[in-house]
Amino acid sequence: MPNDLTPPSDAFAKSAHIDAETYEKMYAASVADPEAFWAEHGQRVDWIKPFTVVRSTSFAPGNIDIKWFEDGTLNVAANCIDRHLATRADQTAIIWEPDDPNDAAKHITYAELHRETCKMANILEDMGVRKGDRVVIYLPMIPEAAYAMLACARIGAIHSIVFAGFSPDALGARINGCDAKVLITADYAPRGGRQTPLKSNADAALLNVLHDCKVLVVRRTGGQITWMEGRDHDYAELRLEADDHTPAAEMAAEDPLFILYTSGSTGQPKGVVHTTGGYLVYASMTHAYTFDYHDGDIFWCTADVGWVTGHSYIVYGPLANGATTLMFEGVPTYPDAGRFWAVCEKHKVNQFYTAPTAIRALMGQGDEFVTKYDLSDLKLLGSVGEPINPEAWNWYNTVVGGGRCPIVDTWWQTETGGHLITPLPGAIATKPGSATKPFFGVQPVVLDAHSGTEITSTEAEGVLCLKDSWPGQMRTVWGDHERFEKTYFSDYKGYYFSGDGCRRDADGYYWITGRVDDVINVSGHRMGTAEVESALVAHAKVAEAAVVGYPHQIKGQGIYAYVTLMNGVEPSDDLRKELESWVRTEIGPIAKPDLIQWAPGLPKTRSGKIMRRILRKIAENDYGALGDTSTLADPSVVDNLIENRANKG
Ligand code: PRX
């Protein structure tokens, strides 16, 4: 493992919010007296009624209960917009860069953001949405996505965003899952020069929704769509009449702000619930410190608002800080592999935050796509979603950052609301591939995976857990608190279990080694192997399926599916394609298997349990390490699988 320490330059450290000494002091204070620390930092947001109780949190078995600032009241939209109006009404809040570089970018000021959010809030109220109601958002990366989120927050509705790449089935399940009153969608989503028909996906999804769900349609392209009178509402039309002043509702700190579905190791995706006060404090504080954001900087997070990264670091964190945040509709390779850098130059981006999968893909296209642009405004680079390999780190550092921009490798999860382990760029020397040190108030521990005991030596390897709560922590699984406890607090009692493995080195730096459960990380997106398996077995020709991850050069991990066909069904290339497109329609393109291997049988124990460990090894091409196969019901199954291993191509 590379261990080179890269300290921030003196110039960077000098102007940073947090230098090395301050980090040590503040971190020590944050864990010695969390109440006092968060009582102070809870003030970074505006409260309608100030809190008097900082926290009441319990990880005790049978009583998982997490509350922060519980007697305070506030409004997230007021914090992200209204409170800036006195000083920043004419400052750009959102720079919107469209998919097609020939179309004009938009600069939306805080005053405009206020007006548009109020209008959207007013439209939602007129459609019957009230405090506590759920609204599903299925939109492209357009400013209306931010208006919709903030409009919900303004009136106290709970939003649940569904990534526009998800299929109608996945969308329908999420609308049903939270009993949404309104679905906000668009006609089409342009991306990389192609268009996803969102409205027709929404129409298909709603066929499986039995409750009354109204639809608000944004015209992004003006393309042809079908219309259901009474159910469908035209945003452009309603916007003309809508009031541009809608009062911000007074919300309790623990009222839910949003639900966001994410994959786990078992069953269908679960609705992660984040609440109002703690989430906003944490998203805004991590945005300010991790990215060393200064007033006037242009901040760009390339994620989609359909993922937690987009929630915390395109919308809520930056806007709570009065930042200028860039929202990009397109993809890194359209019209060519220089698009990210063209956008950085065009909008004078100062902090740029993306995923290793994008860096790896662009790195392979040649340096000239980067070097032809003027990237001298960049001050800091960020990475998120998966471990970054040292080769990609070095390229990012030298070619993109010109060796002068600290790289913050931020480890966190949908469940954590914001960064948990990350360098603070003016304080912590980085090492390629390490997320380095915990953020304030975060207490990571490394447990022995089998015994569950805490490894107290500095050098340690095991599973990564958190010993105590932080304000941005998820509060529950929507409608299923028991599942919350079972998923995160039952394997290792008294701790929050992240699902990740990790190593702590002699300097106390953390290195995330990847998931230790049946979750795979494909291009920085989380995918439950169980989900892909259940999609595959829903196909009439499939008897059984087992899905594992395997190392993939660009995606980090690829999806490897072992498929046993029904008796009498012959394998063929056509059937392979049919299954690939089946999974695309069942879940979405991100779940499409990269490799399908026809498996006459799967390795099972005598009690019928599939031995995934073996399947993982075969997929990784690591036959020497198959381990004990003596408990297999039929060991010859393994030989057959090895002989016919799918070609990585
Ligand atoms: O395995 C870790 C990986 O992504 C998982 C969380 O995925 P998700 O909830 O979709 O959120 C992604 C964006 C926050 C983690 O359990 N992961 C995330 N960031 C890193 C990472 N692995 C290594 N290094 C990271 N910086």
Side-chain angles (χ1 to χ4, degrees), residues 1 161 163 165-166 258-265 269-274 279 282-283 286-287 290-291 301-314 316-317 353-360 381-390 392-393 396 407-423 428 430-439 442 444 463-466 472-474 477 487-488 496-504 509-529 531 549 555-557 590-591:
M1 274 290 170
I161 306 191
F163 173 56
F166 277 125
F258 66 83
I259 304 168
L260 184 57
Y261 281 81
T262 193
S263 298
S265 49
K270 50 188 172 295
V272 166
V273 176
H274 282 289
Y279 171 80
Y282 202 73
T286 47
H287 171 261
T290 303
F291 302 113
C301 163
T302 71
D304 191 284
V305 290
W307 310 114
V308 74
T309 312
H311 284 64
S312 299
Y313 301 114
I314 295 177
Y316 291 122
Y353 187 36
T354 197
T357 187
I359 299 166
R360 285 192 297 267
L381 302 171
S383 173
V384 59
E386 49 177 324
I388 177 164
N389 49 309
W393 195 99
Y396 201 27
I407 296 181
V408 290
D409 176 357
T410 60
W411 176 79
W412 60 298
Q413 312 178 297
T414 306
E415 293 88 338
T416 72
H419 310 141
L420 290 195
I421 302 183
T422 176
I428 296 169
T430 55
K431 298 181 188 186
S434 170
T436 77
K437 300 268 192 158
F439 192 76
V442 173
V463 294
L464 178 57
C465 289
L466 282 307
Q473 183 170 23
M474 76 181 278
V477 169
T487 311
Y488 304 102
Y496 167 84
F497 172 44
S498 69
D500 281 325
C502 94
R503 188 170 73 81
R504 189 168 53 214
Y509 276 45
Y510 289 85
W511 301 75
I512 311 302
T513 50
R515 302 288 303 195
V516 294
D517 52 10
D518 288 321
V519 169
I520 52 182
N521 194 325
V522 185
S523 301
H525 297 143
R526 244 162 95 165
M527 189 48 62
T529 51
E531 263 174 272
K555 299 180 176 185
Q557 281 190 301
I590 52 172

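Starting from 1, each residue takes its place in the sequence as its number. Atom set for the values below is all heavy atoms of this structure, side chains included, hydrogens, waters and symmetry mates excluded. Both ligands and their constituent atoms are indexed starting at 1 by order of listing.
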For ligand 1, which part of [X] has a heavy atom less than 4.0 Å away: the side chain, the backbone, both, or neither?
X	answer
H525	neither
I512	side chain
E386	backbone

With a cut-off of 4.0 Å, which atoms of ligand 1 are near a heavy atom of [X]?
X	result
V384	13 (C), 14 (C)
P387	22 (N), 23 (C), 24 (N)
T410	19 (N), 20 (C), 25 (C), 26 (N)
T414	8 (P), 9 (O), 10 (O), 11 (O)

Charged N to carboxylate O below 4.0 Å: is that the case for E415 and R526?
yes
Beyond-backbone contact of L381 with V408, side-chain heavy atoms, under 4.5 angstrom
no
Using ring centroids (six-membered ring only for Trp), state whether [Y] and [X] fall under 6.0 Å.
X	Y	answer
H419	F291	yes
H311	Y279	no
F497	Y488	no

Protein contact to atom 13 (C) of ligand 1 [nearest heavy atom, distance to 0.1 Å]:
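Protein heavy atom with the smallest distance to atom 13 (C) of ligand 1: T309 OG1, 3.5 Å.
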Atom 10 (O) of ligand 1 has as its nearest protein heavy atom R526 CD, 3.4 Å
Any luck finding a side-chain donor-acceptor pair between [X] and [Y] under 3.5 Å?
X	Y	result
T286	Y313	yes
T302	T354	yes
S312	Y282	no

Can you tell me if G385 has a non-hydrogen atom under 4.0 Å from ligand 1?
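Yes, G385 has a heavy atom closer than 4.0 Å to ligand 1.
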Can you check whether S383 has an N/O within less than 3.5 Å of an N/O in ligand 1?
no
Could you tell me whether D409 and ligand 1 have an N or O pair separated by under 3.5 Å?
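Yes - when backbone and side-chain N and O of D409 are compared with those of ligand 1, one distance drops under 3.5 Å.
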Check step by step if side chain to side chain donor-acceptor pair (under 3.5 Å) holds for D409 and W393.
CA-CA 9 Å; D409 176 357; W393 195 99; 5.7 Å; no
Selected option - heavy-atom contact closest to atom 2 (C) of ligand 1, from N521, D500, L420:
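The option holding the nearest heavy atom is D500.
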